[in-house]
Amino acid sequence: MFKTFALVAVSALALSACGDPATGGAGGARDQVKIVGSSTVYPFTSAVAETFGRNNPGFKTPVVESTGTGSGMKLFCAGVGAGHPDIENASRRMKKSEFEDCQKNGVKDIVEVQVGIDGLALIESNAGPKMNLTVEDVYKAIAANPYGKPNAAKTWKDVNPALPAIAIKVFGPPSTSGTRDSLAELILDKGCNKNPEMEALKKSDADKHKDICTKVREDGAYVESGENDNLIVQKLTANPDAIGVLGYSFLEENLKDVRGIAINGVEPTYETIAGFTYPGARAMFIYVKGAHLTAIPGLKEFLAEYANAWTPGGYLAKRGLIASPDAIRAKNAEIVQKLTMMTGADLS
Amino acid sequence: MTELAAMTPVPTAPKRIPTDWKSDLMQRRIRKRYASERRFRFIGLAAVSLSVAFLAFLLITMIGNGARGFTQTDIRLPVNFAQTSLMLDPTALTGPNAEAALAAANIQGATEEAAVAAFGPDGADYISDGAWLSVRAAIRKDPAILGKTVDIAVPASTHIDIAAKNGADPEIRAAYQKLEATGRLSTGFNLNFLTGSNSNDPTLVGIWGAFKGSLLTMIVTLLLAFPIGVLAALYLEEYAPRNRWTDLIEVSINNLAAVPSIIFGLLGLAVFLNVMHLPRSAALVGGLTLALMTMPVIVIAGRNAIKSVPPSIRDAALGIGASPVQVVFHHVLPLALPGILTGTIIGMARALGETAPLLMIGMRAFIPAPPAGITDPATVLPVQIYLWADEVSRGFVEKTSAAIIVLLVFLLSMNGLAIYLRNKFEQRW
């Protein structure tokens, strides 16, 4: 018995030893691009990583980790060196505080690339009541304190007499999610600011404004449904009266079961999101560490592959990415080519 | 009895009225007792059937969905290499620069051209995005095919694959039926699923990368947790004095075994990554973290197994002159080993199914190649399932179920091994 164990132990040690010299610890050099960040950008970046690995046998396929935008930023800004990731996927722009954090930790040079657009879509089951909402309706229905008063709305009719008397039930992303940030910023905040008082409050007391405008109710009308967007689709099929909030690519893939809800009369489609006429459109970014561009083999080539892939007919579009307008694409292709560093001056 | 009582005058006991079993009161009590008996048996049976029903539901849905994940629809694609725009010289593929020549050629474009030529303008949508990989493999195997027209089996696209397994929109069904009529479709066992790694395309994914990651992680866990756990258990049972300190240690170990696993993940993040700077996403760190979690389980199981070795064995060994170390290693440990192993394997099975601590140390990642060693980026089976469950493409639904089946089979074989070892080596006194 002991002999068997000894054998297993020795062979396992031998196995582990053969992997050691190649990658080494955090101190040594690295020959593989490491990417962290948003779960929304993850499918696109991993698709580029896979294609890059296939077409360039000389480089190792990059490792893409899905940590969420916020945690990814922390890892990305923690420092320069083989132990820190090279690229950060972000479903929103870098915040000023994050940029300052990066600068403080020695991450001076950062390349900011806008890779495309992701649409946040409100959806309902194909058996649903064909809702037609405005950003105000959505805000009044799911905000914790619409315009400063506690939310008492039980049905959509309470929110807007033109809507059917259906109980408010919204399945959406949890507060840790980048999609939730977008919901707050693109829909709730806009709905909130339709009220001139709130617009005024924004100038006088920004914190209070943020609380009133973006805090979501917690009495069961808004159900946090985890990061698993497939689950939301399933829930909607089971509850035709409920509404879901998720990424546009999931809507496109599940048109058999669900359809988009028009907001302000605009349906979520490829065109409306690409043209930013649907309120739920947001840009997606990747941030690249300038100091790693020469140190990590394959990083520049990976960026070039990304620029190659984000065109309207490219393979990312097949996976649900909405290509940026031509001008923005051209600008970002130039950034990738010249590796222009961001200044951080226009961050908020 | 009554005669005896009559002969010897003893102080008469209060006269005992024989129980009237027929009385209403008694009948009620009897009925109550039987009812409670029946109730208990019914509740017990209901509890068992409920758990069996859940298990059956899980297994049936998993196998129902997952079985399809192990199959793959292939299209025999006729490729006329002479007609396609592929610029590739067969002689270049025999030299040392063969790989570079293959990488430079636009095989993907050529494959799509061939699909369009064979199946009409939508042809490129019928084959998987990775179909050209099969074509490349065929060229690599036999460069001579470059001048000819050959049939190459390539994976069908997800839509066609789903249609072949009965479940797609009418539009795609029509396309499928058209393809079917050409006789070029075949659905067979998907070997690539067992040998490949993660991919973005459900027709190309495989479970081997995650499986190997799990295997490496488990080896690290076992190598650390087993010796430390067993030695700790031996010392605590055989050598440690009984005092306040050992009591405290015992309570702490029991507590540790019940700590939620995410806490161990945070600990692993803080100690192994932030202080010791070990590589992120590596099986080494995963194994270390899970070893922390598994060790208390092994200590507890080990102590119970050692406790159940009868003292007479120790006394006899000591009596014929064995030293305490000899007693422990020649007698106590071999006799306790089946129990220790059972505990270890159950602890390992728990570690195998663990996701939460591994998310903290970066194993929730897209890793398209199996790890070569314990410091390479790796992912494990449960994390892979978690990632696939979140994928957009509908083809991943059945792949997720198939991955769950692989995990269940892995767990089942580990538990089976535990039962086998217990039965084979168990001693009864």
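Only a predicted model underlies this, so the values are computations on that prediction, with no experimental measurement involved. Throughout, a chain's letter reflects where its sequence line sits, starting with A, and its residues are numbered from 1.
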- Message: A:Thr40 vs A:Asp118, test: side chain to side chain donor-acceptor pair (under 3.5 Å). Steps then yes/no.
- Response: CA-CA 8 Å; A:Thr40 317; A:Asp118 181 52; 5.1 Å; no
- Message: Can you see whether A:Thr45 engages A:Tyr306 through a side-chain donor-acceptor pair at a distance of less than 3.5 angstrom?
- Response: yes
- Query: Hey, are A:Asp257 and A:Thr237 close enough side-chain-wise for a donor-acceptor pair under 3.5 Å?
  - Reply: no
- Query: With a 4.5 angstrom heavy-atom cut-off, which part of A:Tyr315 approaches chain B: side chain, backbone, both or neither?
  - Reply: neither
- Look at the aromatic rings of A:Phe52 and A:Phe302 and report parallel, tilted or perpendicular, splitting at 30° and 60°. perpendicular
- Query: If you tally heavy-atom pairs under 4.5 Å against chain B, which of A:Thr67, A:Leu255, A:Asn56, A:Leu75 wins?
  - Reply: A:Leu75
- Task: Carefully, step by step, assess A:Glu50 and B:Ser199 under the rule side chain to side chain donor-acceptor pair (under 3.5 Å).
- Result: CA-CA 7 Å; A:Glu50 195 179 353; B:Ser199 166; 2.4 Å; yes
- Region of B:Gln108 that comes under 4.5 Å of a non-hydrogen atom in chain A: neither
- Does any heavy atom of chain A fall under 4.5 Å from the side chain of B:Leu273, the backbone, both, or neither of them? neither
- So which of A:Pro43, A:Ala49, A:Ser66, A:Pro85 has the biggest tally of heavy-atom pairs under 4.5 Å with chain B? A:Ser66
